[in-house]
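See structure below.
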Amino acid sequence: MTVASIPNWFSRGVADLFPADAAETALQNKPLRVKLGIDPTGSTIHLGHSILFRKLRAFQDAGHTAILIIGDFTARIGDPSGKSATRVQLSIEEVEENSNTYLQQLGQGQDPNLSLLDFDTPGRLEVRRNSEWLTDLNLPKVIELLALSTVGQMLAKEEFANRYENGTAISLHEFLYPLLQGYDSVAIKADLELGGTDQKFNVAMGRDLQRHFGLKPQLGLLLPILPGLDGVQKMSKSLGNTVGLTEDPLSMYSKLEKVPDAVVEEYLTLLTNLDLAALPNNPRERQKAMALEITRLRHGPEAAAAAQADAANLVAGAAGNGAAAAEVPEVSLGAVNFPAKAFYLLSAVGICSSSSDARRQIIGGGVKLDGEKLSDPNQEFQSSTELEGKVLQLGKKIFRRFV
RNA sequence: GGGUCGGUGCCCGAGUGGUUAAUGGGGGCGGACUGUAAAUCCGCUGGCUCUGCCUACGUUGGUUCAAAUCCAACCCGGCCCA
């Protein structure tokens, strides 16, 4: 096998490919059916998810067919993969709503240049729901699936192994998940399945099931789990270290340009197509280039450049400066009852999570109004006119203009 | 089903009748420093338009002037046995 024959769009950022020697041949074949499953349990897609979609898009652009599987069946049962707390079962309506939100965020019906997937070119995308084939699986079939795996195999799976080791509960139906996901590959005759490295077991299960049902086993292409803004834990909404795909340019840029050095290269590799060798060596410059490019990919060049300029101005302490303040997100004073004490104001307007939190922030010296530090949480504002147009700053990176 | 141990704030984990909104660590947030970073140091870390008042230690009920701490039932989990 000559490595040179594997294109960069395919190999960039890949953590694992199996079976490794099958890729070259596979790529020469007719359009591959490339599977990616999503779980419509939440409603916001962040950059961590997006690396998989970016790879899927690369396949589309190379002429292959993306099969986006919405795990509506799985979601309705409640995916137990989290820790202890049993997931709330989602209603059909909720699943449907989440699915639509997902598709919108992926760019359905939007500017094709900024959208994550290619929705328009015929033959490049199939959106399927796994309820289509899972709803009618009968018990004999389910037993047939269960018979294909053993408790030993399941317990070898890292997630289960850890939980078993730690004495955390594992419910039997959780064993069904890898099998059902694998069965999706059978149902849609996948040639390749994309996933995070945490999906290795499930993707491999897909291969086993396909073989069992007389199909050619799919390839597995795994991408790393993207670290979150803290640079340590995976990017995840519950950890609060995400950048959402639909975030405004300024907050997207601001968050990205302060990401820990340790993950900048990974972000560059996985979230952009930039030529890493062509970038400046200075770590700060690379960080900025990364933030700018990711923002550009979602919002276009003008908005990205403006975000970069605004971010620089704001942090330079120019919060009251008219030019910089133009891009500051606005917040309405409509819900505030005057006269309003400072701590109440901050929570009423949603900048702080609670009035107690607001009180702490003010006492902690982290709140400024038009560049001037607020020191008394009980300071009273008599009317909204006193505040309109002023810029409130919380910490180093959160700015809001009152309207 | 039986035995046994256990369920504390975002997480881990102290506390076994009374200054306990509850020790400590992690995480998070804010401040200093800096490259808007890392490391380090300091402060904060239930809610409430808050000089005070509410909720909180699996759930419910009980004992007591007073309970996370004692009692009962129930729910949930680990381990061992079946």
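Per chain, numbering begins at 1; letters A, B, ... match sequence-line order.
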_Side-chain N or O of A:R360 versus OP1/OP2 of B:G47: is the shortest distance under 4.0 Å?_
yes
*Look at A:S356 and B:G46 and indicate whether a side-chain polar atom (N or O) is within less than 4.0 Å of OP1 or OP2.*
no
Among [options], the one nearest [X] by side-chain distance:
{"X": "A:D261", "options": "B:G35, B:U49, B:C50", "value": "B:G35"}
{"X": "A:P283", "options": "B:A37, B:C50, B:G35", "value": "B:G35"}
{"X": "A:R284", "options": "B:G35, B:U49, B:C48", "value": "B:G35"}

Measure from [atom1] on [X] to [atom2] on [N] and round the result to the nearest Å.
{"X": "A:F343", "N": "B:C48", "atom1": "CZ", "atom2": "P", "value": "9 Å"}
{"X": "A:D376", "N": "B:U51", "atom1": "CG", "atom2": "P", "value": "12 Å"}
{"X": "A:N378", "N": "B:U49", "atom1": "CG", "atom2": "C1'", "value": "9 Å"}
{"X": "A:L229", "N": "B:A37", "atom1": "CG", "atom2": "P", "value": "13 Å"}
{"X": "A:K341", "N": "B:G52", "atom1": "NZ", "atom2": "P", "value": "13 Å"}
{"X": "A:K258", "N": "B:A38", "atom1": "NZ", "atom2": "P", "value": "7 Å"}
{"X": "A:E285", "N": "B:G35", "atom1": "CD", "atom2": "P", "value": "13 Å"}
{"X": "A:R359", "N": "B:C53", "atom1": "CZ", "atom2": "C1'", "value": "13 Å"}

Work out how far the [atom1] atom of [N] is from that of [M], and round it to whole angstrom.
{"N": "B:G15", "M": "B:G6", "atom1": "P", "result": "12 Å"}
{"N": "B:G18", "M": "B:C70", "atom1": "P", "result": "11 Å"}
{"N": "B:U51", "M": "B:A37", "atom1": "P", "result": "36 Å"}
{"N": "B:G26", "M": "B:C41", "atom1": "P", "result": "10 Å"}
{"N": "B:C54", "M": "B:C5", "atom1": "P", "result": "39 Å"}
{"N": "B:G58", "M": "B:G13", "atom1": "P", "result": "14 Å"}
{"N": "B:A68", "M": "B:G1", "atom1": "C1'", "result": "32 Å"}
{"N": "B:A56", "M": "B:G47", "atom1": "P", "result": "15 Å"}

*Apply side chain to side chain contact (heavy atoms under 4.5 Å, CB included) to the pair A:L192 and A:F59, showing each step before the final yes or no.*
CA-CA 11 Å; A:L192 183 148; A:F59 275 98; 3.9 Å; yes
*Contact list for residues 194-203 of chain A, test side chain to side chain donor-acceptor pair (under 3.5 Å), sequence neighbours left out*: A:D16-A:K200, A:Q181-A:Q199, A:Q181-A:N202, A:Q199-A:N202
Can you list the residues that meet the salt bridge (charged side-chain N to carboxylate O under 4.0 Å, His left out) rule with [X], with sequence neighbours excluded?
{"X": "A:R12", "result": "none"}
{"X": "A:R33", "result": "A:E126"}
{"X": "A:K255", "result": "A:E247"}
{"X": "A:R129", "result": "A:E96"}

*Stems involving RNA chain B, each a run of at least 3 consecutive Watson-Crick or G-U pairs under 3.5 Å*: B:1-7 with B:75-81, B:10-12 with B:24-26, B:27-32 with B:40-45, B:46-48 with B:52-54, B:58-62 with B:70-74
_Any residue meeting side-chain hydrogen bond (donor to acceptor under 3.5 Å, both in side chains) with A:D61, in chain and number order, not counting sequence neighbours_ = A:R57
*Who pairs with A:L176 by side chain to side chain contact (heavy atoms under 4.5 Å, CB included), at least two apart in sequence or on another chain?*
A:V142, A:L146, A:L179, A:L180
_Partner set under side chain to side chain contact (heavy atoms under 4.5 Å, CB included) for A:A309, not counting sequence neighbours_ = none
*What does A:P339 touch in the nucleic acid at a heavy-atom separation under 4.0 angstrom: a base, only the sugar-phosphate, or nothing?*
base
_salt bridge (charged side-chain N to carboxylate O under 4.0 Å, His left out) contacts in which one or both residues fall within residues 333-362 of chain A, not counting sequence neighbours_ = A:D357-A:R360
*asked:* Can you classify the ring geometry of A:H64 versus A:W9 as parallel (below 30°), tilted (30 to 60°) or perpendicular (above 60°)?
replied: tilted
*Could you encode protein contacts along nucleotides 76-82 of chain B as a string, one character per nucleotide from 5' to 3', using B for base contact, S for sugar-phosphate-only contact and - for no contact, with a heavy-atom cut-off of under 4.0 Å?*
-SS----
_Contact state string [nucleotides 22-34 of chain B, B base, S sugar-phosphate only, - no protein heavy atom under 4.0 Å]_ = -------SSS-BB
*Taking atom types as they are modelled, is there a donor-acceptor pair under 3.5 Å from the base of B:C48 to the side chain of A:S354?*
no
*Positive for side-chain contact (heavy atoms from CB on, under 4.5 Å) with A:Y267, one of A:T272, A:I51, A:L226*: A:L226
*Would A:E193 and A:R207 pass as an ion pair if we require N to O under 4.0 Å?*
no
*In terms of the nearest nucleotide of RNA chain B, which residue is placed more toward the 5' end: A:Q308 or A:S347?*
A:Q308
